[in-house]
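Take a look at the structure below.
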Amino acid sequence: TNRWRGFQQKGIVLNSIERLLALYHPALLKVANQQLDSDVKQKEGASDLVQRTLEEAARTIDAFKGKTPTELKKWLTTILLHNISDARSY
């Protein structure tokens, strides 16, 4: 669709949504490691939270309304921060 044109113009081949989202794993892992305190890390590790975030994003990709890689990264980071907040509450 046209909304993915920005990614195609950046040279990213869209074989699947999962492959696209996986490109953001390192950046999301960095954010998770910076945001998690030791109490939360004992409950759920940074890598687990990132994986959950990417799975959630893949299931709800139609909710993404952006058009650029920067907008996708921001959307993914928002989901991750929400998941971190949830992990703190349980």
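From a predicted model like this one, the values you see are computed outputs, not experimental measurements. Along the sequence shown, the residues carry numbers beginning at 1.
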Set out, in order, the CA-CA distance, both residues' side-chain angles and the distance that settles side chain to side chain contact (heavy atoms under 4.5 Å, CB included) for D37 and R88, then state yes or no. CA-CA 9 Å; D37 53 34; R88 285 188 178 121; 4.2 Å; yes
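- Rounding to the nearest 0.5 Å places CD1 of I61 at 11.5 Å from CD of E56.
- Summarising the geometry of A57 relative to L76, their closest heavy-atom pair is CB-CD2, 3.4 Å, with the distance given to 0.1 Å.
- Looking at every heavy atom in both residues, G45 comes nearest to L36 through C-CD1, 4.1 Å.
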Test side chain to side chain contact (heavy atoms under 4.5 Å, CB included) applied to L72 and L20, step by step: CA-CA 10 Å; L72 179 58; L20 173 66; 3.9 Å; yes
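- Here CD of Q34 is found 10.0 Å from CG of L29. Values are rounded to the nearest 0.5 Å.
- In this structure, CD1 in I84 is found 12.0 Å from OG in S89, a value given to the nearest 0.5 Å.
- Side chain of E71 to backbone of T68: a donor-acceptor contact under 3.5 angstrom is found.
- L49 approaches A87 most closely through the heavy-atom pair CD2-CB, 4.2 Å.
- Applying the ring pair (Phe, Tyr, Trp, His ring centres under 6.0 Å) test to residues at least two apart or on different chains, the pairs with a partner in residues 65-86 are F64-W75.
- Applying the salt bridge (Lys or Arg N to Asp or Glu O under 4.0 Å) test to R52 and every residue at least two apart in sequence or in another chain returns E44.
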What's the verdict on side chain to side chain contact (heavy atoms under 4.5 Å, CB included) for V31 and L81, showing C-alpha distance, side-chain angles and the deciding distance? CA-CA 9 Å; V31 171; L81 293 174; 4.2 Å; yes
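- The nearest pair of heavy atoms linking A46 to N33 is CB-OD1, 3.3 Å.
- Among all heavy-atom pairs drawn from V50 and A32, the shortest one is CG2-CB, 4.0 Å.
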Can you check side chain to side chain contact (heavy atoms under 4.5 Å, CB included) on I79 and L54, steps first, answer last? CA-CA 9 Å; I79 295 169; L54 294 175; over 6 Å; no
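- Of the inter-residue distances, the one linking T77 atom OG1 with Q35 atom CD reads 10.0 Å to the nearest 0.5 angstrom.
- Among all heavy-atom pairs drawn from K65 and D62, the shortest one is NZ-O, 3.0 Å.
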